[in-house]
Amino acid sequence: MAALRLGPLLRHVDWETGGAATVWVETDRPCTAEVRCADGAGGSTHTFQIAGHHYALVSVTGLTPGSATAYEVLLDGRPVWPLPDSSFPPSTITTPALAGPGRTAPGLRVTFGSCRQAAPPAGRHGPHGADALDTLAARLAADPNAERPDLLLLLGDQVYADALSRETRQWIAARRDLRDPPGAQVADYEEYTRLYYESWLDPEIRWLLSTVPSLHIFDDHDVIDDWNTSAAWLAEMRATPWWRERVLSGLMSYWVYQHLGNLSPAELAADGLYQEVRKDPDGTDALRAFASAADADPATARWSYRRDFGRTRLLMVDTRAARVLAEDRRAMLDPTEEQWLRENALDGHGAYDHLLIGSSLPWLMPPLIHDAETWNAALCRGERGPRWARIGENLRRRSDLEHWPAFPASFAALTDLIEEVGTGPRAPATVCVLSGDVHHAYVAEPRIPSTARVFQLTCSPVHNSIHTVVKWGFRLGWSRTGRWLGRGFSLHGRTGRPPVNWRRTGGPWFGNQLMTLALSGRTARLRLDQAHKKRQGPARLTTVLDRELTAAE
C-alpha cells in the first residue's frame, strides 16, 4: 500500500474564482493521489517520478468561495491524512469571498520571513532559540479562532545545503565518506530530499503548511552560501569536481519541492516541462536537462512569478539565478527578467491598491552597507585599477557584498520603476519590497516624490542566529557615524551619491521573527512578532511592532 512520505502542502489558492486550489504531496511509490473535501470538492492525479521519488500536485476544484473546508488525502483510495490520532485541528482550504455588487474586495494577510534552519527534535534545545514558524503553528493549532494568515511568503533559505544538522551529517556519513568533497554539505538530489524531510516533517510545520497556503523563492543557502556572487566565484566553483551535481540537484529539488506549487493550475497546464515529467514513467532526465540549461543560461528558465490577490499584486523576483555576472554588464536581473518585472508592475496600472515586490535580498540596506557594496562593485569592475579589483573580489566574497546596491544599475532601475508605479492618480496606496536574508528586521522608507507610500520591509531570520559582531555592524550601518563612513567609501570608489535617499523608520530588531502585512482596501498595517522561549512552558510569539503604514505622518 502507498504511504505518504511528506506533505500535504497547501500551495495555490485561486483568488479569481475562489473555487480552486493545489495540494502537493510526496509518496513512497507510484499511486493515485486524491484530495477529498468535506463539501464535496476535490481532485486526483497520478504521481510522477524524479530520481526514485514520487510526487503529485493535486488540482482541487469545486470549492465554495468564502469558505473554509476540511480535507483529507487518499492514496489509491486509502486515507493517509490526517494522520491517525493527530492532535492537530483538521487541515482546511480557505477560499476568499469574491467581490461583487454591494461586496468589497477581500482583504489579505501576508506573513513573511526568510532563513529557517530546521528546528532540533522535540526535547532538544538548538543553538538558534525558538523557531518563529513553529511557534506560529502552535499558536494557531491551539486556538481555532486565532487570526490566521491568508498566505505564508517564504523568502529564501528554506533549506540549508551548506549548514547541516548533526542528524543529517550522520545520515550522510552513512552513505558516503565526508572526507571527500563537498564534505559535510549536500552533494546530490537524494541528500536534498533529506533536507526537506527534516524541515517539513516537523509536526507543527507539517500541519501549518497543510492548512495555510505558501509561496516560495530560493536564496543562496538553498544551493550554497554566496551563490552567484560574481563571475570569478562561478568560474572557481565550476572548476571543482562536485559543483555540477550540487547545483543541478539544487535546481531540480527546488523545482519539485518549492517552485511547482508557486504556479496556478493554468500555468501548470501550459508548462511543457511539467507535462513532460508527468507523461514519462521517469521524469529525471527531462528535469535534469532543464536544470542544466537553466544553470548555463539564466534566460532559459523563469523562477519569478506573479500572483494577484483581489486588489493586491505580488511580484516574486528571482535575485539569484537571474543575475548577469560579467563585470562590464553586471546586473541583478538579466534583461528579460528586468523586462518581465517592469511589464507586470505596469500591467493594469491602477487596477491594484497594493504592489508587493518579493525579493529575497533587500533593496534598501543600512546606508553604510549600501555605500560599501557600491564602492566594492566599482573596485571589482576596475575603477581603481587591477590591484584594487583583486582586493574588491576578495572583500566581496568574505563580506557578502552582493545585495541590490552591489548591482548599481539594477538598484537604480528598481528605484525608477517603484517611483514610476507609485506616482500619479492611478498609483497604488502602497508599494512594499518584502525581503529577508540579513538576519535582522527593519522598516525603511525612501525619500521619493511618489503618491504611494513606499516601504522596504525586511524580516529574517525565522530560525537562525547572528554573531554579536555582525549585529553591532548592522547597528553601525544605520547610524550617523555609518553614513559618514559610507561617504568615505563613495569618495574612494568615485561612485557618487545614491540615486535615492532613505531613512529607517523601524528597527533594527534581532531574533527569530515574522512580519505580517494586513491589507484591506487602501489601508495597510504591519506587525512584527518575535518567538521567545521561556524557562517554563512552550515558546510564544510576542508582538514588538504594530503599525498603520498608510496613516498620515
Side-chain angles (χ1 to χ4, degrees), residues 1-13 20-37 41-60 63 69-94 116 118-119 133-134 136-137 140-141 151-152 154 158-159 189-190 192-216 222 252-265 268 274 277-278 283 287:
M1 293 184 295
L4 191 64
R5 292 202 69 187
L6 194 57
L9 273 72
L10 176 60
R11 298 302 310 273
H12 177 86
V13 172
T22 61
V23 175
W24 180 98
V25 296
E26 181 179 352
T27 66
D28 69 345
R29 66 190 65 190
C31 62
T32 296
E34 179 184 1
V35 172
R36 189 179 295 172
C37 299
S44 65
T45 188
H46 199 269
T47 57
F48 61 90
Q49 179 174 311
I50 301 293
H53 292 258
H54 307 278
Y55 310 94
L57 188 60
V58 182
S59 180
V60 181
L63 295 163
T69 180
Y71 72 90
E72 60 178 345
V73 177
L74 301 90
L75 302 181
D76 287 338
R78 186 176 66 90
V80 295
W81 183 271
L83 299 176
D85 303 320
S86 171
S87 61
F88 291 94
S91 299
T92 59
I93 301 176
T94 301
R116 179 181 178 268
L133 209 58
D134 241 15
L136 172 64
L140 296 181
L151 176 67
L152 287 175
L154 305 179
Q158 275 70 259
V159 294
Y189 188 91
E190 185 66 27
Y192 263 105
T193 67
R194 171 72 183 192
L195 295 184
Y196 286 102
Y197 296 159
E198 181 179 52
S199 184
W200 291 356
L201 280 174
D202 174 301
E204 284 77 16
I205 298 301
R206 191 176 193 183
W207 174 79
L208 180 69
L209 293 178
S210 77
T211 201
V212 178
S214 60
L215 292 174
H216 307 183
D222 291 84
M252 291 169 66
S253 60
Y254 174 78
W255 186 87
V256 171
Y257 285 86
Q258 300 193 60
H259 179 68
L260 276 182
N262 295 330
L263 305 181
S264 69
L268 290 168
Y274 179 61
V277 163
R278 292 180 65 206
L287 181 55

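Considering CE of M1 and CG of D28, their distance stands at 10.0 Å, rounded to 0.5 Å. Within the model, atoms CG of L83 and CG of L4 stand 7.5 Å from one another, a figure rounded to the nearest 0.5 Å. Atom CG of residue L63 and atom OH of residue Y71 lie 11.0 Å apart, to the nearest 0.5 angstrom. D134 contributes atom CG, which lies 4.0 Å from atom CG of D202 (distance to the nearest 0.5 angstrom). Here the straight-line distance linking atom CG of L9 with atom OH of Y196 works out to 11.0 Å at 0.5 Å rounding. For the atom pair CG of L10 and OG of S91, the computed distance is 9.0 Å after rounding to the nearest 0.5 Å.
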Stepwise, does the side chain to side chain contact (heavy atoms under 4.5 Å, CB included) test hold for L136 with V212? CA-CA 11 Å; L136 172 64; V212 178; over 6 Å; no
Pair V80-V25, side chain to side chain contact (heavy atoms under 4.5 Å, CB included): steps then yes or no: CA-CA 11 Å; V80 295; V25 296; over 6 Å; no
Evaluation steps, side chain to side chain contact (heavy atoms under 4.5 Å, CB included), between L151 and V13: CA-CA 9 Å; L151 176 67; V13 172; over 6 Å; no
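Side-chain contact annotation: Y254 with Y192, donor-acceptor N/O pair under 3.5 Å absent. Looking at T193 and R5, their side chains never bring a donor and an acceptor atom within 3.5 Å of each other. T92 and T211 share a donor-acceptor pair across their side chains, judged by distance under 3.5 Å alone.
Taking every heavy atom of both residues into account, R78 and A2 meet most closely at NH2-O, 2.7 Å. What you find for D76 and C31 is that their closest heavy atoms are OD2-CB, 3.4 Å. Between S199 and A118, the closest heavy-atom pair is CA-CB, 4.0 Å. When all heavy atoms of E204 and A137 are compared, the closest pair comes out as O-CB, 3.3 Å. Of all heavy-atom pairs spanning A56 and T47, the tightest one is CB-CG2, 4.0 Å. Counting all heavy atoms, side chain and backbone alike, W81 lies closest to S210 at CZ2-OG, 3.8 Å.
A donor-acceptor pair under 3.5 Å is formed between the side chain of R11 and the backbone N or O of S214. Of the possible donor and acceptor atoms, none in the side chain of R36 sits under 3.5 Å from a partner among the backbone N and O of V73. Proximity of a side-chain donor or acceptor of T22 to a complementary backbone N or O of H12 within less than 3.5 Å is detected.
Evaluated for a side-chain hydrogen bond (donor to acceptor under 3.5 Å, both in side chains) with Q158, the options R116, Q258, H216 yield exactly one hit, Q258.
Ring geometry for W24 versus W200: interplanar angle over 60°, hence perpendicular rather than tilted (30 to 60°). Ring-plane geometry between W255 and F48 is classed as perpendicular, the angle between the planes exceeding 60 degrees on a 0 to 90 degree scale with a lower cut at 30. Below 30°, between 30° and 60°, or above 60°: for Y55 and Y189 the angle between ring planes is above 60°, a perpendicular geometry.
For the pair H53/V256, no side-chain contact is recorded, criterion being any heavy-atom separation below 4.5 Å from C-beta on. A 4.5 Å side-chain heavy-atom check between L263 and L57 finds every atom pair outside the cut-off. Taking 4.5 Å as the limit, some side-chain heavy atom of I93 sits within range of a side-chain heavy atom of C37.
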